[in-house]
Colleague: 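I am attaching a structure below and will ask some questions about it afterwards.
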Amino acid sequence: MDKASIAPPDAVLTFSEKNFRPSVVEGELYDWWERSGFFAPPATPAPGEKTFVMMLPLPNVTGDLHMGHALGFGGYEDLMARWHRMQGDATLYLPGTDHAGIIAQIVVEKELAKETDKKGLTREQFLGEMWKWMRHYQPRIYGQLRMLGCSLDWSRVHFTMDPDMQQRVRTHFIRLYKRGRLYRADRIVHWCLTCQTTFSDLELLHVERTDQLSYVRYPWADAMPDGTPDVIVATTRPETIVADTAVAVHPEDARWKPFIGRDVLVPLVERRVKIIADEAVDPAFGTGALKVTPGHDQTDFEIGQRHSLPIISAIDKSGTMTGQAGILSGELRDAARARAVEVLKQRGLLVRQEPITHAVGIHDRCQTVEEPLVMRQWFMRMKELAAPAIEAVRSGKIQIVPAYQEKIYFEWMENIRDWAIARQIWWGHSIPAWYCRDCSEIVVPDEDAPDPTACPKCRSNDLAQDPDVLDTWFSSALWPHTTLGWPERTADLARFYPGTMLETGYDIIFFWVARMIMMGIENMGDVPFRTVYLHGLVRIGGQKMSKSKGNVESPVGVIQELGADTLRFALVNGVSAGADSELSEGKLQNAREFANKLWNIGRFVLRTLEARPQTGWAADRRPVDDAALGPAERWILSRTEAAIAEATRLLETYHFGEYVAALQQFAWGEFADVYLELAKSSLRDERRADGAARTLAYVLDRVLRLLHPSMPFITDTLALQLWRALPTDEGAPSLVVARWPLAGPRDLALEERFAVLVDVVRAIRNLRQAAGARPGQRLAVTLGGETGAIRELADAIAHLTQTTVTFGGGAGPAVVVRAVEVRLGIEQDAAGHRARLERDLAEARDALARSRELLARPGFAEKAPAAVIANERAKLAEREERVRLLEAEIARLA
RNA sequence: GGGCUGUUGGCUCAGCUGGUUAGAGCGCUGCGUUCACAUCGCAGAGGUCGCUGGUUCGAAUCCAGCACAGCCCACCA
C-alpha cells in the first residue's frame with residue numbers, strides 16, 4: 001500500500017485554537033493512522049530490516065479498560081512500539097482479547113439472571129448467549145484501545161475463542177497428551193462451592209480469619225497402661241473428623257514416639273485408625289498430634305499418599321455432608337461443624353475450644369472459602385516444562401526488568417506444582433478427550449483426526465466427551481505463537497517468532513508470563529520473547545484501585561476530558577519499573593498543562609514561519625553553523641542534540657519515567673522558557689531572523705519526534721501542520737512512520753557559558769526584585785570579573801532580564817563570572833542587598849572550608865581519580881575567589 | 001515460616017555502576033503578566049536521604065543489623 005496516498009484529515013491540519021483540544025483531533029488521527037496501514041508490518045521483511053514484536057497482554061473481553069491497562073498499554077507498550085517503529089524496525093504490536101473463562105461466565109450469568117426467560121438454559125443455549133455478549137463487549141474494548149492511541153495491528157487481531165484458535169488449543173492439548181505431559185488422576189483440588197468448579201493453586205488466595213480451634217480427645221482403641229496420655233488433636237474443622245483415617249505426629253516428637261503404630265478411635269464414627277509419623281506435622285502446634293483427613297485437606301492428602309491411607313469423601317460438591325459422614329450426613333458444611341461440636345461435647349470428647357486467627361483459602365474470583373475435594377481431574381506435569389524455562393532466564397536469554405523479579409520467578413518455578421487445567425464450567429475451550437462408558441478408556445484423537453466415535457480398545461460406540469473446559473490461562477499461555485498461526489508454519493510465525501518484548505503487570509508473572517515461556521519453549525523450541533518488562537499497580541489516593549473502594553477512575557473518562565496524551569504522559573511520569581505508582585490529580589494537571597505548552601510552542605513557531613520565505617529550508621534539516629546563527633541558536637541546537645542523546649539512552653535502558661520527565665524539562669524549561677524568549681529578540685533583527693526561524697522549526701521538529709512515543713496525538717497534529725508549512729527532507733507522511741533522530745555534535749563550551757548566563761540572569765533578576773524594579777523599567781547593571789566568556793551573550797542577558805548590561809571587564813580566572821552578582825553595580829540602592837551578601841559570604845566560607853578539608857584529607861590525593869581531584873582544585877580556586885570578591889564588595893558598601 | 005520491595009522537603013516520586021551545591025511535579029510564599037500559552041512568567045522558602053554500625057580519602061548510593069510499611073510464596077491443622 002502506498003502509505004502516503006491517504007491525505008491526513010482536514011480537522012487535524014486546520015485545528016488552530018488557542019488551547020489544544022484533544023477531542024477534535026484524536027479520533028480523526030487514529031482512523032487515518034490505521035487506514036494508512038502504519039501499524040501493519042508486512043510478513044515479508046525488507047532487506048536488513050529488524051523486527052520488534054510485542055503481544056498486547058490480552059484484556060478480558062468482558063471488561064472495560066482500567067488504569068492498569070492504560071498504564072501498560074498506553075503508557076509503556078505503545079511508547080515502545082512507536083519508538084521502535086520510528087527506528088525503522090518492522091513493528092508488530094498484536095491485539096486481541098481473552099475469553100476470560102469463569103469471569104466472563106459469571107458476568108453473563110448475572111446479566112441473564114435479570115431476564116426471566118433466560119433461566120434454565122441448556123448448555124448450547126447458554127453458549128449462544130455467551131457469544132452474543134462477546135460480540136457486544138469486544139468492539140467496546142477494542143474501541144477503548146484505539147482511544148488510548150495504541151498502534152496495534154488490527155489486521156492481525158485475535159480472540160482466544162475464535163474457531164481457528166480453538167483448533168490450535170485442541171492441537172496443543174493433544175500433543176501434550178501424546179507426549180505424556182498431561183495426566184488424569186484422583187487428586188485433591190480446590191473446589192469452589194459458589195462457582196461449582198475447581199481452580200488452580202494460583203487462584204487460591206488466603207485471608208486471615210478467626211475461628212474456633214477445638215481440642216478433641218481420640219480415645220485409645222485398646223487398653224493402655226495407667227498414666228498413658230490422652231490423644232488430643234486440635235482442629236478448626238471438626239466436621240471433617242468423620243473422614244479421618246489416621247492421627248499423625250512428628251517422628252522425632254518424644255511425647256508421641258512411644259505410641260507410633262498404636263490405634264485410636266475416631267470420635268463420632270468410632271473408626272479404628274493408626275497413629276503415624278510424618279515430617280509434615282508441626283510438633284509445636286496444639287498437642288503435636290494432627291488428625292489426618294486425606295479427603296478434605298491438602299496436607300492431609302499428601303500425608304495420606306505417603307502412608308497409603310484410605311480417602312473418605314465426607315463432603316460433596318454442593319457442600320453437603322455425604323453418606324460417609326455418619327451422624328452428620330445430610331447437613332450443610334457449616335451446620336455440620338456446629339453439630340459435630342455439640343455431639344463431641346455431649347460425649348465428653350471436647351476438651352476445650354479457643355479462638356484462633358489463621359489463613360483460610362478463598363477463591364480469587366468470588367471470595368468463597370474453598371473446599372478441598374478429591375476428584376478425578378486433568379493435570380499438567382510442570383517440573384520438566386519448568387526446567388528449560390528456568391534456564392532461559394538464568395542464562396540471560398530472557399531478561400526480566402526489574403531484575404529482582406527474576407528471583408521471584410525462580411522461587412516459584414523451582415517449586416512448581418502440577419497444574420489443574422480443567423474447569424467445570426461451560427464457557428471455554430473443550431477438552432478433546434472422550435471416555436468409553438464400557439471400558440473407561442481415555443480416548444484422545446490424533447491432532448488431525450476428527451472427533452472419535454468408537455473406543456479403540458473395546459470397540460464400543462458409547463463414548464462421552466469430557467464435559468469440562470480448559471483453564472483460561474491454558475490458551476493464553478499459547479498467545480505468542482498461536483496468534484501467528486501455529487501449528488502451521490506461516491510466514492508470520494517465521495518472521496515474528498520469537499518476539500521481542502513482553503510488557504505486563506507483575507501480578508501475572510506466574511499466571512501468564514511463566515506459562516508463556518514454558519509453552520513457547522515446548523511448542524516452538526524457543527522462548528516467546530527476549531525481555532519482560534513488568535510494571536506496578538496504579539494507585540489513586542494512596543490506595544489500590546478496586547470497585548469496592550469506589551476509587552476506580554476510568555481511563556476512558558480521563559481521555560474524554562483531558563485527552564489520551566495527557567493520560568499517557570501522566571501515568572508514566574516519574575515511575576520506575578516494577579514500582580507501584582500514584583496517579584494524582586496534580587500529575588494529570590501537570591501533563592495537561594504540558595500538552596498545552598507544547599501546543600503553544602507549536603503555534604508560536606508556525607506563526608513565525610508564516611511570515612517568512614523559506615527557500616532552501618527543511619524542518620528536519622539542522623541549520624548550519626553560519627553567520628545567521630547567533631549564540632542562542634547554537635546553544636539550543638547543541639542542547640537539542642543533548643536531549644536526543646538523553647532520550648535515546650533512557651529509552652534503551654527502560655527508564656520511561658525519566659524519559660518523559662527529561663523531555664518535559666527540555667521542551668518547557670529550555671526550549672520554551674529560554675530559547676523562545678531569546679528568539680523573539682533575534683526575530684526582530686533581520687540579520688538573524690532567518691537563523692532563528694530555521695532553528696525554531698528544527699528544534700520543534702526534534703521535540704515532536706522525541707515526544708511522539710508518549711504523546712502521539714498532539715505531536716502528530718503539530719508535525720503535520722509544521723511539515724505543511726515547511727516540508728521535511730525525509731518526507732514522512734506522519735510522525736508515526738518518521739525517523740527517530742540521531743544525536744549530532746554538541747558545543748559543550750557554549751553550553752557551559754550558557755549555564756553561566758542562566759546564573760547571571762537569575763542574579764540580575766534577583767537584584768531587580770530586591771531593588772524593587774518595576775517591570776519594563778530599565779536598569780543599568782555592570783558585570784565585573786572575567787566576563788569575556790559571556791560577552792557575546794550580552795543581548796541575551798539584556799533580553800531575558802529587561803536590563804541594560806555593561807561589562808566592567810577585568811582579567812582573572814574564568815570562574816570569577818560565577819561570582820558576578822557581587823559586582824553588579826545597580827544604580828539605585830537595593831534594600832537588603834548587604835544582608836544578602838553577608839549570607840552569601842557565610843555560605844561561601846563554609847563551601848571553601850569543605851573544599852580545603854577534602855583536599856587536605858589523608859589519602860585523597862593518592863586514591864581519588866585525577867578528574868575528581870582536578871575538579872576539586874578548580875572548585876577550591878573558585879570558592880577562594882568568591883569569598884574574596886564578597887569580602888571586597890561588603891567592604892566597598894561599608 | 002520463607003522471600004521480595006520500599007522508607008529521600010507538606011504530598012507523589014526520581015536519583016543509588018560511591019565523587020560538583022541531592023532533583024522533578026504538585027502544594028506553599030512573594031512579585032508580575034495585552035503582544036505563543038493565566039492550562040502563563042519570575043523569584044523564593046522547605047531535605048541530618050528511616051535508625052545504628054561497618055567498608056572507604058569520600059556513602060542517599062556498597063555491606064551488616066534493626067525499626068516501620070507494603071507485597072508475594074507456604075501443607076501450621
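Everything numeric in this text was worked out from a predicted model, so none of it was measured.
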Colleague: Parallel under 30°, tilted from 30 to 60°, perpendicular over 60°: which one fits the rings of A:Phe656 and A:Tyr654?
Modeller: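 If you compare the ring of A:Phe656 with that of A:Tyr654, the planes turn out perpendicular.
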
Colleague: For residues A:Phe604 and A:Trp599, establish whether the separation of their ring centroids is below 6.0 Å.
Modeller: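 Here the rings of A:Trp599 and A:Phe604 have centres that are no less than 6.0 Å from each other.
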
Colleague: Taking 4.0 Å as the cut-off, does a side-chain nitrogen or oxygen of A:Arg607 come that near to OP1 or OP2 on B:rA36?
Modeller: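 Yes, within the criterion.
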
Colleague: A:Glu593: what forms a salt bridge (charged side-chain N to carboxylate O under 4.0 Å, His left out) with it, not counting sequence neighbours?
Modeller: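 If we apply the salt bridge (charged side-chain N to carboxylate O under 4.0 Å, His left out) test to A:Glu593, skipping adjacent residues, there are no hits.
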
Colleague: Quick one: does A:Glu677 reach the base of B:rA36 with a side-chain donor-acceptor pair under 3.5 Å?
Modeller: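 Yes, a donor-acceptor pair under 3.5 Å.
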
Colleague: If B:rU5 has a Watson-Crick or G-U wobble mate with both distances under 3.5 Å, name it; if not, just say none.
Modeller: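 Across any shown strand, B:rU5 pairs with B:rA69.
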
Colleague: Remember a base hit wins even if backbone is also touched, and classify A:Leu676 as base, sugar-phosphate or nothing at under 4.0 Å, heavy atoms.
Modeller: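 Touches a base.
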
Colleague: Verify the contact: side-chain N or O of A:Ser576 to OP1 or OP2 of B:rA14, cut-off strictly under 4.0 Å; return yes or no.
Modeller: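 Result: yes.
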
Colleague: Could you tell me whether the phosphate oxygens of B:rA36, OP1 or OP2, come under 4.0 Å of any side-chain nitrogen or oxygen in A:Trp668?
Modeller: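 No, because none of the side-chain N or O atoms of A:Trp668 sits under 4.0 Å from OP1 or OP2 of B:rA36.
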
Colleague: According to a strict under-4.0 Å criterion, is A:Arg765 in side-chain N/O contact with OP1 or OP2 of B:rG41?
Modeller: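 Negative; the distance criterion is not met.
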
Colleague: Give one of base, sugar-phosphate or nothing for A:Arg21, where a contact means two heavy atoms less than 4.0 Å apart.
Modeller: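 Here A:Arg21 touches no strand at all.
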
Colleague: Going by heavy atoms closer than 4.0 Å, what residues in residues 593-605 of chain A are next to RNA chain B?
Modeller: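 Those residues are A:Glu593, A:Asn596, A:Lys597, A:Asn600, A:Ile601, A:Arg603, A:Phe604.
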
Colleague: For A:Phe20, is the NZ or CZ atom of A:Lys597 found under 6.0 angstrom from the centre of its six-membered ring and inside 45 degrees of the ring axis?
Modeller: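 No - A:Lys597 does not lie over the ring of A:Phe20 by the 6.0 Å and 45° rule.
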
Colleague: Does B:rU21 have a Watson-Crick or wobble mate here (both distances under 3.5 Å), and if so which one?
Modeller: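 Per the H-bond distance test, none.
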
Colleague: Nearest-nucleotide wise, let me know which of A:Ala661 and A:Glu658 is further upstream toward the 5' end of RNA chain B.
Modeller: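 Its nucleotide being nearer the 5' end, the pick is A:Glu658.
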
Colleague: Would you say B:rA36 has OP1 or OP2 under 4.0 Å from some side-chain N or O of A:Lys680?
Modeller: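 Checking B:rA36 against A:Lys680, a side-chain N or O does come within under 4.0 Å of OP1 or OP2.
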
Colleague: Sort out the partner of B:rG53 for me: Watson-Crick or G-U wobble, both distances under 3.5 Å, none otherwise.
Modeller: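 Here B:rG53 is engaged in a pair, and the nucleotide opposite it is B:rC63.
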
Colleague: Below the 4.0 Å mark, does B:rA43 have OP1 or OP2 next to a side-chain nitrogen or oxygen of A:Arg762?
Modeller: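 The answer is yes; a side-chain N or O of A:Arg762 sits under 4.0 Å from OP1 or OP2.
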
Colleague: Which nucleotides of nucleotides 4-12 of chain B have their base under 4.0 Å from a protein heavy atom (B), which only their sugar-phosphate (S), and which neither (-), written as one string 5' to 3'?
Modeller: SS------S

Colleague: Does any nucleotide pair with B:rC40 by Watson-Crick or G-U wobble geometry, both distances under 3.5 Å, and what is it?
Modeller: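 B:rC40 is paired with B:rG32.
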
Colleague: Does NZ or CZ of A:Arg417 lie under 6.0 Å from the centre of the six-membered ring of A:Trp412, at an angle within 45° of the ring axis?
Modeller: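 Output no; distance or angle outside limits.
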
Colleague: Kindly write out the residues that satisfy salt bridge (charged side-chain N to carboxylate O under 4.0 Å, His left out) with A:Lys407, not counting sequence neighbours, or none if the list is empty.
Modeller: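 Residues passing salt bridge (charged side-chain N to carboxylate O under 4.0 Å, His left out) with A:Lys407: none at all.
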
Colleague: Could you pull out the closest heavy-atom pair between A:Leu204 and A:His190, with the gap in Å?
Modeller: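 Distance-wise, the nearest heavy atoms are CD2-CE1, 3.5 Å.
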
Colleague: Starting from P on B:rU20, measure out to CZ on A:Arg873 and report it in whole angstrom.
Modeller: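 Going from A:Arg873 (CZ) to B:rU20 (P), I get 17 Å.
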
Colleague: Mapping A:Leu202 and A:Asp282 onto RNA chain B by nearest heavy atom, which one lands closer to the 5' end?
Modeller: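 The residue whose closest nucleotide sits nearer the 5' end is A:Leu202.
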
Colleague: Can you list everything that forms a salt bridge (charged side-chain N to carboxylate O under 4.0 Å, His left out) with A:Glu853? Sequence neighbours excluded, please.
Modeller: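 Counting only residues at least two positions away or on another chain, A:Glu853 forms a salt bridge (charged side-chain N to carboxylate O under 4.0 Å, His left out) with A:Arg857.
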
Colleague: Got a donor-acceptor pair under 3.5 Å from the side chain of A:Asn871 to the base of B:rU20?
Modeller: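 Looking at the base of B:rU20, it does not pair with any donor or acceptor on the side chain of A:Asn871 (distance under 3.5 Å).
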
Colleague: Would you say the side-chain atoms of A:Ser200 and A:Glu203 include a donor-acceptor pair closer than 3.5 Å?
Modeller: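 Judged by distance alone, the side chains do pair up.
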
Colleague: What about A:Lys18, does its side chain sit under 3.5 Å from the base of B:rA36 through a donor-acceptor pair?
Modeller: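 In this structure, the two groups form no donor-acceptor pair.
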
Colleague: Checking contacts here: which listed nucleotide (B:rU20, B:rU39, B:rC75) is nearest the side-chain heavy atoms of A:Glu302?
Modeller: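 Ranking B:rU20, B:rU39, B:rC75 by closest atom to the A:Glu302 side chain puts B:rC75 first.
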
Colleague: With the threshold set at 4.0 Å, does a side-chain nitrogen-carboxylate oxygen contact exist between A:Arg649 and A:Glu652?
Modeller: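 Answer for the salt bridge query: no.
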
Colleague: Reckon A:His655 has a side-chain N or O less than 4.0 Å from the OP1 or OP2 of B:rA14?
Modeller: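 So the side-chain polar atoms of A:His655 never come under 4.0 Å of the phosphate oxygens OP1 or OP2 of B:rA14.
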
Colleague: What interatomic distance, in whole Å, is found between P of B:rG41 and the corresponding atom of B:rU34?
Modeller: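 Per the computed distance, 15 Å lies between those P atoms.
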
Colleague: Applying salt bridge (charged side-chain N to carboxylate O under 4.0 Å, His left out), can you list everything that pairs with A:Glu411, at least two apart in sequence or on another chain?
Modeller: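 A:Glu411: no salt bridge (charged side-chain N to carboxylate O under 4.0 Å, His left out) contacts found.
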
Colleague: Return the nucleotide paired to B:rG46: Watson-Crick means purine N1 to pyrimidine N3 with N6-O4 or O6-N4, wobble means G-U with N1-O2 and O6-N3, both under 3.5 Å.
Modeller: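 WC or wobble partner does not exist here.
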
Colleague: For B:rC51 versus B:rA67, give the span between their C1' atoms, rounded off to a whole number of Å.
Modeller: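 One C1' to the other, the span is 7 Å.
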
